[in-house]
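Below is one structure, written out as structure tokens, with a few remarks after it.
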Amino acid sequence: MYLCLFITVTLGVYGILLIKPEKNNRMKARVDFFLLDAQAGKEEMVSEEQESFSKRMITPVLLDFKKSFRKRIPGEKEVKIDLKLQKAGNPFGMTAVDFRLVQAVSICLIPMIFAGYGAILHAGNGVTIIFVIVGILVGFFAPHLYLKQKTKARCRIALREFPDVLDLLTVSLEAGLGFDAAVAKVVSKKEGVLAAEFQRCMEEIRLGKTRREALSGIRDRMDVDSIKAFISSVLQAEKLGIGMVRVLRVQSNEVRERRKQRAEEEAMKAPIKMLFPLVLFIFPSLFIVLLGPAVIQFIETFKNG
């Protein structure tokens, strides 16, 4: 009985002692909540005030304009432009809408520049009109030519990287890795155009695409005959159940042979390419150095005679 009374009194005193700290903690929590909320609101207002005028006013207007402009582009045309951008490596992160906007701006701006150039030259109205027409054509075709040049440069880089990537892929398969693991090994060990394409292929497979669809996407985005033939061989081997290692070994030997042939072809073109600077720049300098004194001597001789 005395033990129960002792425990009851002890717990009662302990509860009384805990009431005040608990009350203080609750009050402090409420004060902190309101003060921090007010401070957060002030920081948000300051951050909004510190934002530039372009982010607060111009950017939303541009986004709305892009949305309205996108509705006017046919779906098939947008898909074609998007494919061209993918082949070029998506320069500047452009989308199909951005490309059409750049094309529209160039069609409007370049003819004005050409017309101003005609006015500076004091050309007639007919010549100025011709300048404007040429400017419209340049503004329309210049973005497409830029994409074509970027696509060619990207294909040259991919063709130069292809033999080494194919060798690493073949060695990985011969070491016992699966095709997906071998592609992941290539992505981790290599950098460049082909590594980026295989990385995108792996991401598409993770998102639910089949291997055939992902590899077909690489074939569509790369305008290189060797890479297209390689992708087709891989897809055919997968369909027929042929050993992938043997197919890749044959492809690797063929790619090495083609690279050797391209190097020999470039070496045979070198003398012809060197002929033009020789004729235009080096031979005239040699003639001046070798024949100049003789010509001067002949002239002086004829004058004295």
Side-chain angles (χ1 to χ4, degrees), residues 54 58-59 61-121 123 127-162 165 190-201 203-204 214 216-231 262 265-266 269 273 276-277:
S54 62
I58 299 176
T59 303
V61 175
L62 289 177
L63 292 176
D64 293 337
F65 178 72
K66 285 175 65 175
K67 289 179 182 178
S68 61
F69 189 79
R70 183 176 184 178
K71 295 178 181 178
R72 301 177 184 177
I73 302 176
E76 296 180 357
K77 189 70 175 178
E78 185 177 359
V79 171
K80 290 181 180 179
I81 295 174
D82 189 56
L83 182 60
K84 287 183 179 180
L85 290 171
Q86 290 179 10
K87 289 181 178 180
N90 290 105
F92 305 106
M94 285 194 301
T95 61
V97 180
D98 296 333
F99 178 79
R100 291 306 295 264
L101 284 174
V102 170
Q103 192 176 27
V105 171
S106 63
I107 290 174
C108 296
L109 186 60
I110 294 178
M112 294 174 62
I113 295 173
F114 276 50
Y117 183 69
I120 292 172
L121 295 177
V127 178
T128 304
I129 292 173
I130 293 174
F131 280 1
V132 170
I133 294 173
V134 173
I136 292 172
L137 294 175
V138 171
F140 181 79
F141 289 107
H144 291 285
L145 292 175
Y146 173 74
L147 287 185
K148 187 177 290 185
Q149 292 297 324
K150 292 288 289 184
T151 302
K152 289 182 179 179
R154 190 166 179 264
C155 290
R156 284 197 297 269
I157 295 172
L159 188 61
R160 188 167 60 247
E161 295 173 351
F162 184 53
V165 170
K190 290 289 184 181
E191 294 181 356
V193 175
L194 282 180
E197 286 292 336
F198 279 118
Q199 184 177 3
R200 179 173 178 174
C201 173
E203 291 175 355
E204 289 177 350
S216 298
I218 296 177
R219 183 173 56 186
D220 296 335
R221 292 189 296 268
M222 300 300 300
D223 284 335
V224 181
D225 293 335
S226 299
I227 297 176
K228 288 184 176 181
F230 162 71
I231 298 296
R262 285 195 302 270
E265 183 180 357
E266 293 295 329
K269 289 180 180 178
K273 293 180 179 179
F276 296 100

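Small disclaimer: the values here were computed from a predicted structure and weren't measured.
Checked against Asp223 for a side-chain contact (heavy atoms from CB on, under 4.5 Å), the options Arg154, Lys228, Lys152 give a single hit: Lys228.
Distance check: Gln103 CD to Cys108 SG gives 11.0 Å after rounding to the nearest 0.5 Å. Taken to the nearest 0.5 Å, the CZ atom of Phe114 stands 9.5 Å off from the CG atom of Leu137. To the nearest 0.5 Å, atom CG of residue Leu85 and atom CG of residue Leu147 are 5.5 Å apart. Note: Leu194 CG to Cys201 SG = 12.0 Å, rounded to the nearest 0.5 Å. Here CG of Asp82 is found 13.5 Å from NZ of Lys80. Values are rounded to the nearest 0.5 Å.
Looking at Asn90 and Gln86, their side chains never bring a donor and an acceptor atom within 3.5 Å of each other.
Of all heavy-atom pairs between Gly139 and Ser106, the closest is O-OG, 2.7 Å. Here the closest non-hydrogen pair linking Leu159 and Ser226 is CD1-OG, 4.1 Å. Between Ile227 and Ala158, the shortest heavy-atom distance links the atoms CD1-CB, 4.0 Å.
With hydrogens and angles ignored, the 3.5 Å screen pairs a side-chain donor or acceptor of Glu161 with a backbone N or O of Val193.
Listed by first and then second residue, the ring pair (Phe, Tyr, Trp, His ring centres under 6.0 Å) pairs involving residues 136-156 are Phe99-His144, Phe140-His144 (not counting sequence neighbours).
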Side chain to side chain contact (heavy atoms under 4.5 Å, CB included) between Val165 and Phe198, intermediate numbers included: CA-CA 10 Å; Val165 170; Phe198 279 118; 3.9 Å; yes
Criterion side chain to side chain contact (heavy atoms under 4.5 Å, CB included) on Met222 and Lys87, from CA distance to verdict: CA-CA 6 Å; Met222 300 300 300; Lys87 289 181 178 180; over 6 Å; no
Intermediate values then yes/no, side chain to side chain contact (heavy atoms under 4.5 Å, CB included), Ile157 and Arg160: CA-CA 5 Å; Ile157 295 172; Arg160 188 167 60 247; 3.8 Å; yes
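A salt bridge links Arg221 with Glu197: at least one charged nitrogen is closer than 4.0 Å to a carboxylate oxygen. The existence of a salt bridge linking Glu266 and Lys273 is confirmed by a sub-4.0 Å separation between a basic side-chain nitrogen and an acidic carboxylate oxygen.
Residue-environment remark: CG (Asp220) exceeds the threshold of 12 foreign heavy atoms within 6.0 Å.
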